[in-house]
Amino acid sequence: MSTRKSLSGWDRAKREGQRRVLITAYDYPFARLAQDAGIDGVLIGDSLGMAIQGGRDTLRVSLEHMIYHTEMVARGAPDCLIMADLPFASFEASPAQAFAAAAALIKAGADIIKLEGGAPMIETVGFLSARAIPVCAHIGLTPQHVRQLGGFKRQGKTDAQATQLTADAQSLAQAGARMLLMEAIPTPLATSVTQALDIPTIGIGAGPGTDAQILVMHDVLGLNAAYLPGFAKRYLDGASLITQAINSYAEDVRGQRFPAAE
Ligand code: KIV
């Protein structure tokens with residue numbers, strides 16, 4: 001097994017101070033490209049509800065959607081760590097509900113599942129970890145709580161919130177979480193949590209002090225021209241390039257330059 005796929009490889013990378021990189025992918029070709037580009041881990045995020053399905057949030061994504069996309073991504077990036085999200089309302093009711101959903105994602109090809117939530121999820125993280133399901137806990141801005149949070153807002157800004165997030169991180173790790181993802185929290189907070197934990201941390205909008213970073217593929221490639229979260233970085237104007245290519249094809253057909261007679 002490649003060191004980027006094995007969890008022990010991720011633990012070692014943290015101990016040795018090697019930074020690791022993840023990106024989201026939702027289908028075979030993009031997962032393949034991510035692996036070929038040398039990415040360490042691929043997340044089948046429930047962000048697919050926005051990036052792929054065109055929704056305004058992630059709440060309509062179902063477990064069946066996640067299974068479908070996880071199978072494609074696992075085929076495309078067999079050498080990368082495959083992480084899959086438990087979608088909204090597939091795991092919160094009980095640890096047993098979470099186990100059934102997580103097991104389905106593992107069977108679809110995930111190496112580790114990710115679930116959103118701090119203190120209320122500690123029992124579930126312990127339950128899954130004791131039953132052969134590796135877990136990445138996701139704290140800070142948890143998009144599945146967007147209605148409660150009143151929008152996609154940065155978290156951990158007050159001392160009380162920072163203390164709570166730090167305590168949650170430690171409890172989740174003690175319960176057996178193998179990784180911790182922190183989204184949209186202040187850099188000093190994410191850095192101090194990273195230094196306090198033995199498990200690898202992944203940051204998005206949490207500054208440079210985490211063990212690994214993740215971004216949404218469609219943000220990196222500029223596939224959504226209309227929107228880019230403040231903490232993301234666009235490395236390609238994909239929307240313009242793709243629109244131009246499709247437009248060239250259409251113009252060639254209309255101008256009778258394609259297909260050629262032969
Ligand atoms: O669903 C997702 O893509 C995520 C990342 C933004 C971390 O959870």
Side-chain angles (χ1 to χ4, degrees), residues 10 20-27 30-31 34 39-63 65-70 72-74 77 80-92 101-102 105 108 110-118 121 125 135-146 149 151-156 165 169 172 177-185 190 193-194 199-207 210-221 223-224 227-234:
W10 284 72
R20 290 216 155 176
V21 191
L22 301 98
I23 195 164
T24 68
Y26 313 104
D27 61 18
F30 281 95
I39 284 286
D40 300 303
V42 178
L43 169 69
I44 306 95
D46 63 355
S47 52
L48 69 85
M50 300 162 87
I52 298 292
Q53 297 175 342
R56 69 188 167 109
D57 54 39
T58 61
L59 302 182
R60 290 173 60 86
V61 176
S62 69
L63 181 61
H65 296 152
M66 292 305 305
I67 293 168
Y68 175 71
H69 288 278
T70 298
M72 291 187 272
V73 170
C80 295
L81 183 81
I82 303 293
M83 182 183 292
D85 263 342
L86 284 178
F88 176 62
S90 73
F91 66 99
E92 303 89 331
L105 291 177
D111 299 307
I112 181 167
I113 63 91
K114 177 164 79 62
L115 58 78
E116 294 186 12
M121 285 301 124
V125 169
V135 179
C136 173
H138 178 160
I139 62 172
L141 170 56
T142 46
Q144 291 172 12
H145 298 88
V146 62
L149 298 174
F152 297 103
K153 295 180 179 161
R154 290 187 73 75
Q155 302 295 307
L165 279 169
L172 289 160
R178 295 297 306 266
M179 291 188 180
L180 181 78
L181 187 145
M182 295 179 276
E183 177 165 356
I185 65 170
V193 169
T194 298
I199 59 172
T201 64
I202 304 166
I204 176 164
T210 53
D211 299 309
Q213 295 287 326
I214 186 164
L215 282 176
V216 168
M217 174 80 84
H218 288 50
D219 294 340
V220 172
L221 299 183
L223 296 180
N224 181 355
Y227 176 69
L228 184 71
F231 52 67
K233 184 167 173 187
R234 191 173 277 166

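In this chain, numbering begins with 1 at the start of the sequence shown. If you're wondering where the values come from, they're calculated on a predicted model, not measured in any experiment. For ligands, and for the atoms within them, numbers begin at 1 and follow the listed sequence.
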His138: numbered ligand 1 atoms lying under 4.0 Å from its heavy atoms
8 (O)
Give the atoms of ligand 1, by number and element, whose distance to some non-hydrogen atom of Asp46 is under 4.0 Å.
1 (O)
One finds that the ligand 1 atoms under 4.0 Å from a non-hydrogen atom of Gly45 are 1 (O), 2 (C), 3 (O)
Measuring from atom NE2 of His138 to atom CE of Met83, what distance do you get when rounded to the nearest 0.5 angstrom?
10.5 Å
Side chain to side chain contact (heavy atoms under 4.5 Å, CB included) partner of Met179, chosen from Ile112, Leu172, Val135
Ile112
Give the residue, atom name and distance (to 0.1 Å) of the protein heavy atom nearest atom 8 (O) of ligand 1.
Lys114 NZ, 2.8 Å
Quick one: nearest non-hydrogen protein atom to atom 6 (C) of ligand 1, plus distance?
Ile204 CD1, 3.8 Å
Check: Leu228 main-chain N/O paired with Asp219 side-chain donor or acceptor under 3.5 Å:
no
Give the residue, atom name and distance (to 0.1 Å) of the protein heavy atom nearest atom 4 (C) of ligand 1.
Leu43 CD2, 3.6 Å
N/O of Glu183 under 3.5 Å from N/O of ligand 1, yes or no?
no
Quick one: does ligand 1 sit under 4.0 Å from the side chain of Leu181, the backbone, both or neither, non-hydrogen atoms only?
side chain
Taking Thr210 for its side chain and Ile202 for its backbone only, find out whether a donor-acceptor pair lies under 3.5 Å.
no
Arg178: which residues meet the side-chain hydrogen bond (donor to acceptor under 3.5 Å, both in side chains) condition with it, sequence neighbours left out?
Asp11
Tell me the protein heavy atom at minimum distance from atom 2 (C) of ligand 1, and give that distance in Å.
Ser47 OG, 3.3 Å
Determine, step by step, whether Leu105 and Leu63 satisfy the side-chain contact (heavy atoms from CB on, under 4.5 Å) criterion, reporting the C-alpha distance in whole Å, the side-chain angles of both residues, the deciding distance to 0.1 Å, and the verdict.
CA-CA 8 Å; Leu105 291 177; Leu63 181 61; 4.1 Å; yes
With backbone taken as N, CA, C and O and side chain as the heavy atoms from C-beta onward, which portion of Thr24 lies under 4.0 Å from ligand 1: side chain, backbone, both, or neither?
side chain
Under 3.5 Å donor-acceptor pairs involving side-chain atoms of residues 40-50, not counting sequence neighbours:
residue	atom	partner	partner atom	Å
Asp40	OD2	Val21	N	2.9
Asp46	OD2	Gln144	NE2	2.6
Ser47	OG	Tyr26	OH	2.7

Distance-only, no hydrogens or angles: does the Gln53 side chain make a donor-acceptor pair with backbone N or O of Ala51 under 3.5 Å?
no
Between Asp85 and ligand 1, find which residue part has any heavy-atom pair under 4.0 Å and reply side chain, backbone, both or neither.
side chain
